[in-house]
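The structure appears below as structure tokens.
Computed from a prediction, not measured in an experiment: that's the story for all the values here. Start at 1 and go down the list; that is how both ligands and their atoms are numbered.
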Amino acid sequence: MSHIKGIAASSGIAIAKVYRLEAPDLSYEKTKIDVPENEVKRLHEALDISKSELEKIKEHTKNSLGDEHAEIFSAHLLVLSDPELIQPIEDKIKSENVNAEAALDETANMFIDMFKNMDNEYMRERAADIQDVTKRVMAHLLGVTFPDPALINEEVVIVADDLTPSDTAQLNKQYVKGFTTDIGGRTSHSAIMARSLEIPAVVGTKEITSNAQKDEKIIVDGIDGDVIVNPTQEELDTYQQKMVDFEKQKQEWAKLKDEPTTTADGAHVELAANIGTPEDVEGVLNNGGEGVGLYRTEFLYMGKSQLPTEEEQFGAYKSVLEQMGDKPVVVRTLDIGGDKELDYLDLPKELNPFLGFRAIRLCLERDDIFRIQLRALLRASVHGNLKIMFPMIATLEEFREAKNMLDEEKVKLKEEGHNISDDIEVGIMVEIPATAMIARQFAKEVDFFSIGTNDLIQYTMAADRMNERVSYLYQPYNPAILNLVNNVIEAAHAEGKWAGMCGEMAGDSIAIPILLGLGLDEFSMSATSILPARTQLKDLSKEDMASFKETLLSMGTSDEVVAFIKEKTNQ
Ligand code: PEP
Ligand code: MG
């Protein structure tokens, strides 16, 4: 039995056996063979198994994420049936008398290099497809397991070094009871997705992959951030009980589902949810969300082999707006970069991707991509209460340029005869300290702010949000952060605008009383945090919390802030 501590990333308890999600060892030896026919036969067997797996994954993805996401697997299947690739592998086996592994690897690499260097996006995508599928075929030739989260069909807890957002998107909630990783923090995207999927998760354990082997029993406690491998009977009983208690607690919270969010002294704030796909809206409504405060549209662009079309995006935005009725929906334009990569854009690797060519920076340069998204959003605007915001705004010029493109697309669409709503609010995310510092100037031009603390904290503290080694510096309650947040809220109110927060801090029980006192208007969080937050707010007085403002802003450390809030709010 081993006990491992990590970061509680998504609440709930999971008890199941370990499923290790790891890149298989695909190293092989190049050997001379005597009977080429046997190698050709082995090659075709590996191709056949790979094809049937891909068919299943394609089917699964189609059912869970829709046709567009399943398309990438059609492209992979085509590669596996392409004689232009398979014939040269066979020829190599026969003419050079080498084993199938070597023939596959060398031939595939030749095509990958050739396509990668072509000045044509379509061909570069094919290079990525070949790379993906040859790994699978190679695994079958070598007889090693190629992990496919989408194909899991028994109850498991996933153990991995890290999960990419697209791994997380493939998880089937019916079988994947929880997950735990070596790296990552509460605001890494796999953690955020775990919360949307309502799968218990503990991340940043540093050592779970060295401690949990395939099929061992494991407990993941996403409430307190504990993981236990090979638990005793007593521990199993304790955690079964904790699971039951958590379910009861959820039922208590659910009583407030259709209630407005009102504080003890009668003030109202809006509790909204962060979503990644139209499928998440059901969870928002089930958890009593009063709006969508952040729709992360990048998931439309991920896990695919090409950019989403205007029609496809229009369909997704319309679906979210219609499901939410007259409740507000804040859609964030494409925020790719950082830990969210798009293979098919083939962007150069950067030394500091979080400080690099991402989000609005990429969109303003690649306005061919950006304008398609703006058009889709504008067209969808008549189907609900749409607000648009731009991510990672660092300067007023960036905001003006983005807004200008939006206005230009509006004019064009109207000329084309489309109906567009006339009252779409346009705001920005405040994620960069420079923007928070001159929020006064921004407030004159934007319609609203949404404070993205996940990034604002990492940029203010110069501490990578993904790196558990510096997670001690990732301090939401540090007075430096509170002062920046206060600056933004005051600036908004001085110009008669509203200020929201869509970073994870907005759903945190220590931060909620502070933010209430600072006058935050809208709190946007993981859907599952809404009811606990509403329950907490019901017992808080906004006036009392506001009276602590100056004390909190002038404190010296995060610990002082936490101790003060815990004492004042009996936590
Ligand atoms: C943020 O930075 O706080 C935010 C909400 O955006 P993301 O987590 O997608 O970077
Ligand atoms: Mg961000």
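By the 4.0 Å N-to-carboxylate-O rule, R358 lies close enough to D455 to be salt-bridged with it. One finds no salt bridge joining R296 and D335 here, because no Lys/Arg side-chain nitrogen approaches an Asp/Glu carboxylate oxygen to under 4.0 Å.
The side-chain hydrogen bond (donor to acceptor under 3.5 Å, both in side chains) test applied to R440 returns no partner, not counting sequence neighbours. D367 meets the salt bridge (charged side-chain N to carboxylate O under 4.0 Å, His left out) test with R371; sequence neighbours excluded.
Looking at T205, its side chain does come within 3.5 Å of a backbone N or O of T181 through a donor-acceptor pair. Within the 3.5 Å criterion, the main-chain N or O of M437 finds a donor-acceptor partner in the side chain of N487.
Checking each of V488, T435, I451, I432 against L456 for a side chain to side chain contact (heavy atoms under 4.5 Å, CB included) leaves exactly one that passes, namely I451.
Within 6.0 Å of atom CG in N404, more than 12 heavy atoms from other residues, nucleotides or ligands are found, so the atom counts as buried in its surroundings.
Residues F399 and F442 keep their aromatic ring centres 6.0 Å or farther apart.
Neighbours of the Mg ion (ligand 2) restricted to protein N, O or S atoms under 2.8 Å: the count is 2.
The 4.0 Å heavy-atom shell around ligand 1 contains residues H189, L294, R296, R332, D335, K340, M429, E431, G452, T453, N454, D455, R465, C502, G503, ordered by chain and number.
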